[in-house]
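Some notes on the structure that comes next.
Below, chain A is the first sequence line, B the second, and so on; all start at residue 1. If you're wondering where the values come from, they're calculated on a predicted model, not measured in any experiment.
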There are 2 protein chains.
Amino acid sequence: MSVEAKSKSHSIRAVDALRALIFAGELPPGSDHLESELAEKLGMSRTPVREATLVLESQGLLEVRPRKGVRISALSADDMREIYEVLTELESLAASLAAEAHYSEQDLSRLKSATLEMEASVEADDREGWASADAAFHDELVRLGGNRRIQTIVSNFNDQVRRARAMTLHMRPMPRKSNEDHRALYEAIARGDAKAAREIHWRHRTEAKDMLINLLNQHGLRRV
Amino acid sequence: MSVEAKSKSHSIRAVDALRALIFAGELPPGSDHLESELAEKLGMSRTPVREATLVLESQGLLEVRPRKGVRISALSADDMREIYEVLTELESLAASLAAEAHYSEQDLSRLKSATLEMEASVEADDREGWASADAAFHDELVRLGGNRRIQTIVSNFNDQVRRARAMTLHMRPMPRKSNEDHRALYEAIARGDAKAAREIHWRHRTEAKDMLINLLNQHGLRRV
DNA sequence: CAATTATTTAACGTATACATTAAAATATTC
DNA sequence: GAATATTTTAATGTATACGTTAAATAATTG
């Protein structure tokens with residue numbers, strides 16, 4: 001069995017490639033792009049590109065504007081608030097569900113290791129490392145919640161705020177308080193305290209939302 | 001200015017037509033359909049049908065299964081639980097946001113009239129009328145919340161459980177308790193009590209979820 | 001010259017031909 | 001005759017030609 005990349009359809013590769021270009025900032029928020037341009041850039045015909053744009057539109061990463069090209073989504077502070085409201089609510093539900101599931105310590109090992117990694121990263125002043133562990137923690141939290149609809153929505157919304165998070169990562173103070181929250185959340189889930197898990201995470205996310213929006217406003221980032 | 005229907009693209013009409021066929025049960029849950037069949041049925045080529053199926057897949061109404069046709073989504077009791085968990089959480093958040101907005105009585109008039117219509121329908125033993133007013137109430141509640149992301153998600157999920165609700169409408173007891181909940185929620189929003197609004201609606205939806213799932217199980221409806 | 005109308009352009013929307021490939025059917029081998 | 005290999009089939013995936021139409025440009029008119 002070889003390790004070659006499985007040859008996916010052009011359509012799927014277009015989705016992946018466009019996502020990557022958007023996240024890398026090569027298709028910047030607010031910019032417009034004709035189907036034919038994108039098709040040429042990706043080395044395929046318009047057909048799979050059109051299909052990809054429909055998928056990405058449904059994920060909120062771009063907007064199809066007939067005869068004006070697709071516009072890469074640019075989020076205002078208000079959009080950010082909306083998205084974080086939903087993320088806060090659904091992740092808090094996931095935290096509550098995870099606590100109710102009464103997982104064993106072993107089941108929670110990945111959550112635990114993510115908290116340890118975050119703490120180590122803060123010690124080492126490694127923001128990228130912290131961000132990566134933080135993402136792993138949140139992913140695992142939602143996975144433990146066990147509701148696949150929540151997983152899908154949260155994943156979409158995280159993609160949408162990805163650039164904003166990356167931009168503010170180096171503007172914010174080192175996330176020491178954040179680590180305490182994660183540890184407290186871990187404990188609440190481990191002891192099966194659904195109410196506490198929900199409340200701890202709700203406050204955590206609400207604070208993260210306020211900080212992100214304040215940072216964007218302070219730095220005059222109207223749309224990202 | 002004429003009142004003729006604006007001539008939409010085939011692609012958009014395919015989305016509308018397929019949605020209608022799914023809701024009408026002409027494309028029953030679990031059934032498979034080739035692109036070419038659907039294209040013929042809708043009197044257009046495969047191209048716009050393919051685009052429509054991508055959109056509907058992103059809305060959870062069907063699943064594209066290469067070489068096996070598109071499969072109309074069939075929900076298990078567990079799927080229903082997942083969807084209702086999300087609906088409960090997001091509508092409750094919307095209720096809380098609506099209360100925080102401190103709307104005037106005038107702003108809340110549609111919410112009020114929907115409650116009155118529900119009460120009248122229950123008096124008149126008119127389940128369809130009640131269901132229609134109930135839907136209007138929930139739509140308006142979410143609209144008043146003011147978060148468009150919530151509106152989109154809730155609308156999608158309501159579409160997904162539409163058939164199940166229609167099926168159980170005549171199995172359930174007349175929704176008298178439900179009307180009390182709606183009235184209490186209206187009062188909480190009107191007096192700006194966000195916490196109460198959230199809790200009242202959360203309990204309301206949770207009870208609705210439990211009833212729906214019990215009804216589906218009692219009647220042996222494995223997948224709808 | 002401003003406003004309107006006509007024309008042109010270019011991008012999208014659609015149909016269609018064809019390439020690709022998973023699945024089914026058939027043939028082959030032991 | 002079961003297991004495997006081959007061929008065939010059929011549905012999808014893709015490219016492309018072309019029709020349609022919104023937007024831009026040019027022409028006209030008062």
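With a 6.0 Å radius and a threshold of 12 heavy atoms from other residues, nucleotides or ligands, A/Gln218 has its CD atom above the threshold. Applying the 6.0 Å contact sphere to CZ of B/Arg65 captures more than 12 heavy atoms from other residues, nucleotides or ligands.
To the nearest 0.5 Å, the span separating CD on A/Glu140 from CZ on A/Arg110 amounts to 4.5 Å.
Atom CD1 in A/Ile12 sits about 14 Å away from atom C1' in C/dT21, given to the nearest Å. If you measure from atom CZ of A/Arg13 to atom C1' of C/dT20, you get 14 Å, rounded to the nearest angstrom. The nearest whole Å value for the distance from the CZ atom in A/Arg50 to the P atom in D/dA15 is 14 Å. Distance, A/Glu51 CD to D/dG13 P: 7 Å, rounded to whole Å.
Of all heavy-atom pairs between A/Val49 and A/Leu38, the closest is CG1-CB, 3.9 Å. A/Arg223 approaches A/Ser76 most closely through the heavy-atom pair NH1-CB, 3.7 Å.
Minimum atom distance to the side chain of B/Lys68 is reached by C/dA23, of the listed C/dA23, C/dG13, D/dG13. The side chain of B/Ser9 lies closest to C/dG13 when the candidates are D/dT14, D/dT12, C/dG13.
Of the residues in residues 31-47 of chain B, B/Met44, B/Ser45, B/Thr47 come within less than 4.0 Å of DNA chain C through at least one heavy atom, sorted by number.
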Can you list the steps and then say if B/Lys41 with B/Glu26 is a salt bridge (charged side-chain N to carboxylate O under 4.0 Å, His left out)?
-> CA-CA 12 Å; B/Lys41 193 192 291 264; B/Glu26 293 190 46; 5.6 Å; no

Please test B/Leu42 against B/Leu18 for side-chain contact (heavy atoms from CB on, under 4.5 Å), starting from the C-alpha separation and ending with a verdict.
-> CA-CA 9 Å; B/Leu42 302 184; B/Leu18 291 177; 4.0 Å; yes

Would you check, one step at a time, whether the test salt bridge (charged side-chain N to carboxylate O under 4.0 Å, His left out) holds for A/Arg13 with A/Asp16?
-> CA-CA 5 Å; A/Arg13 297 191 334 148; A/Asp16 293 346; over 6 Å; no

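If you check distances only, the side chain of B/Arg67 never reaches the base of C/dA22 with a donor-acceptor pair under 3.5 Å.
Proximity of A/His10 to the phosphate of D/dA15: a side-chain N or O atom is located under 4.0 Å from OP1 or OP2.
Axis angle, first five pairs versus last five pairs of the helix from C/dC1-D/dG30 to C/dC30-D/dG1: 0°, rounded to 10°.
Counting only N and O atoms by type, the side chains of A/Asn158 and A/Ser155 include no donor and acceptor under 3.5 Å apart.
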